[in-house]
Amino acid sequence: MSAPAPPQPTRATVTTIRADGSRQFLYPADVRGRFSRARRLVAGLFIALYLSLPWIRIGGYPAVFLDVAHRRFHLLGRVFAAQDLWLIFFLISGVGFGLFFVTAMLGRIWCGWACPQTVFLDHVYRRWERWLDGDGVQRRELAAAPWSAGKVGRRAAKHAGYLLISAVLTHLFLAYYVSLPVVWSLVRAAPGAHWSIFVFIALATGALYFNFAWFREQLCIVICPYGRLQSVLTDEHTLTIGYDTARGDCIDCLRCVRVCPTGIDIRQGLQMECIGCAACVDACDEVMDRLARPRGLVRYDSLAGLGGQPTRWIRPRVWLYAGLLAAGATAAALAFASVRPAVLSVSRMIGAPYYFDRDSVRNQILVRLINKRPDPVRFTLTVSGLPPGFVVGGNDRPLELAPLQEDVRLLVISEPRAHFASGAVLVIGADDDRGDRLARPISFLGPGTALP
């Protein structure tokens, strides 16, 4: 049985959706070439990184360990507590500014080379599908063939593989939050022993299976907003993939259409569905080689370059995005550098700001300490800047804090009333047994002192 003809793309419609609104499945052909090899290498590195991070230990913990249960987050040897979640703002804004800059320069290179959707779909799930069902023509033939025992067996094997891959990826994702030893103990236990985790695993595995087995490129076309934003972030000098209409070497072989994972015809110009994967470039270069014609009929170039004009790499929007990226990176560096392994705060005890009698003036200060380290720490409280006659009570013994433990110590600071003079500023410090020191100033209040 011959394979049915693949759908013919147009700019007016999305190839994966039929006129009646139903789903049109794509069976992109495999392609070989310099960009395909480079993309597989990059994807392999990303997949290896994803698979290995929970195994790599730095300072006794996984390189990336988001320990939500204990409100502790380990990132490449540094430990952050829940109080540090404000740093996520800098992470998200940095990613956004970086994406703006890269897109203005290189178009949708993120989508085609580094996006997890593309990496896992093209280099894991479709690898398995092509190994089992063959190239695009064979897969279309199998889809159009009547059901038989052989077709049922191959479909069952393919979807069983999809489920297994999805389950492995989900369990590894869970390891980023509970660690690999805990995941292994959960796998060996009965589902009812940890029913909430079991439900999460089942739902996440099902979501990955649905996405990579059926939804596929629809995630990029229908859900992801990035393709719609590219018209705002790019201009005629942005590097993209395009067709050189002036050359006239196209033989209408449709090889570029057959290999496209989103089903577009690159000869019709830049389109929202294009993810910049360069499959059409390799496909066209292969055909040009066979015809002994120069490569580059379809190539990485700017719209200006495809039109015969020079590409201007440095332009106002690039300066703008680069400036935003630099400012964001500087702010993020300063923010992360300000993170300390402990938190010290001082405040006055609820009630009167001070107490006094005939003999003395007294301030009651609450000192709050949080240990953000992954191991116990001993803190010693000190009060400096004390004028003569001051007496401090409550700092006579150190504080022993377990990981992420919080404790409050009451310091009672008094001064003979006859010596009281407004304006004294005390410095309350906390020295730990690792050599780090935290300090906070606080004013000593009394009769006649203006309240802060």
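Basis for what follows: all heavy atoms, side chains included, without hydrogens, waters or symmetry-related copies.
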For [X], look at atom [atom1] and say whether over 12 heavy atoms of other residues, nucleotides or ligands are found less than 6.0 Å away.
{"X": "F89", "atom1": "CZ", "answer": "no"}
{"X": "R40", "atom1": "CZ", "answer": "yes"}
{"X": "W55", "atom1": "CH2", "answer": "no"}
{"X": "F198", "atom1": "CZ", "answer": "no"}
{"X": "W131", "atom1": "CH2", "answer": "no"}

Kindly state whether the ring of [X] and the ring of [Y] have centres lying under 6.0 angstrom apart.
{"X": "F46", "Y": "H123", "value": "no"}
{"X": "Y176", "Y": "Y50", "value": "yes"}
{"X": "Y162", "Y": "Y125", "value": "yes"}
{"X": "F35", "Y": "Y300", "value": "yes"}

Inset, instruction - Decide whether Y61 and S179 meet the rule of one side-chain donor and one side-chain acceptor closer than 3.5 Å. - result: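 Looking only at side-chain atoms, S179 and Y61 do not form any donor-acceptor pair under 3.5 Å.
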Inset, instruction - Answer yes if the side chains of Q24 and R18 hold a donor-acceptor pair under 3.5 Å, and no otherwise. - result: yes
Legend entry - Candidate pair H159 and Y209, rule side-chain contact (heavy atoms from CB on, under 4.5 Å), full reasoning: CA-CA 8 Å; H159 288 274; Y209 168 77; 2.7 Å; yes
Legend entry - Whether D432 side chain and G435 backbone form a donor-acceptor pair below 3.5 Å: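 Looks like yes, one N/O pair under 3.5 Å.
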Inset, instruction - Answer yes or no: is there a donor N or O on one side and an acceptor on the other, between the side chain of T234 and the main chain of G107, under 3.5 Å? - result: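 Not a single qualifying donor-acceptor pair exists.
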Closer than 4.0 angstrom, basic N to acidic O: yes or no for [X] and [Y]?
{"X": "R126", "Y": "D30", "value": "no"}
{"X": "D431", "Y": "R437", "value": "yes"}
{"X": "D265", "Y": "R267", "value": "yes"}
{"X": "D122", "Y": "R39", "value": "yes"}

Legend entry - T13: which of T15, T10, T16 passes side chain to side chain donor-acceptor pair (under 3.5 Å):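 The residue from T15, T10, T16 that satisfies side chain to side chain donor-acceptor pair (under 3.5 Å) with T13 turns out to be T10.
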Could you report the tightest heavy-atom contact between [X] and [Y], atom names first, then the distance?
{"X": "P376", "Y": "R434", "result": "O-NH2, 2.9 Å"}
{"X": "H194", "Y": "A189", "result": "CD2-CB, 4.0 Å"}
{"X": "L180", "Y": "A175", "result": "CD2-CB, 3.6 Å"}
{"X": "P146", "Y": "K151", "result": "O-CD, 3.7 Å"}

Legend entry - Residue pair D282, R32: steps toward the salt bridge (charged side-chain N to carboxylate O under 4.0 Å, His left out) verdict: CA-CA 7 Å; D282 282 337; R32 294 176 179 82; over 6 Å; no
Legend entry - Side-chain touch M105/T238, heavy atoms, less than 4.5 angstrom: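 SC-SC contact between M105 and T238 ruled out.
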Inset, instruction - Tell me, with the steps shown, if Q117 and E217 meet side-chain contact (heavy atoms from CB on, under 4.5 Å). - result: CA-CA 9 Å; Q117 173 75 7; E217 71 284 338; over 6 Å; no
Rounded to the nearest 0.5 Å, what separates atom [atom1] in [X] from atom [atom2] in [Y]?
{"X": "T311", "Y": "I314", "atom1": "OG1", "atom2": "CD1", "result": "12.0 Å"}
{"X": "R247", "Y": "R293", "atom1": "CZ", "atom2": "CZ", "result": "8.5 Å"}
{"X": "L132", "Y": "R130", "atom1": "CG", "atom2": "CZ", "result": "13.5 Å"}
{"X": "L87", "Y": "F73", "atom1": "CG", "atom2": "CZ", "result": "11.0 Å"}

Legend entry - Criterion side chain to side chain contact (heavy atoms under 4.5 Å, CB included) against L399, the qualifying member of V408, T380, N371, D407: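 Among V408, T380, N371, D407, the one that satisfies the side chain to side chain contact (heavy atoms under 4.5 Å, CB included) with L399 is D407.
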Inset, instruction - Check step by step if ring-ring contact (aromatic ring centres under 6.0 Å, His included) holds for H74 and F80. - result: CA-CA 6 Å; H74 303 265; F80 301 90; 9.4 Å; no
Inset, instruction - With salt bridge (charged side-chain N to carboxylate O under 4.0 Å, His left out) as the test, would you mind laying out the steps for D133 and K158 before giving the verdict? - result: CA-CA 8 Å; D133 288 347; K158 181 171 72 172; 3.3 Å; yes
Legend entry - Cation-pi check, R108 onto W113 ring (under 6.0 Å, within 45° of axis): no
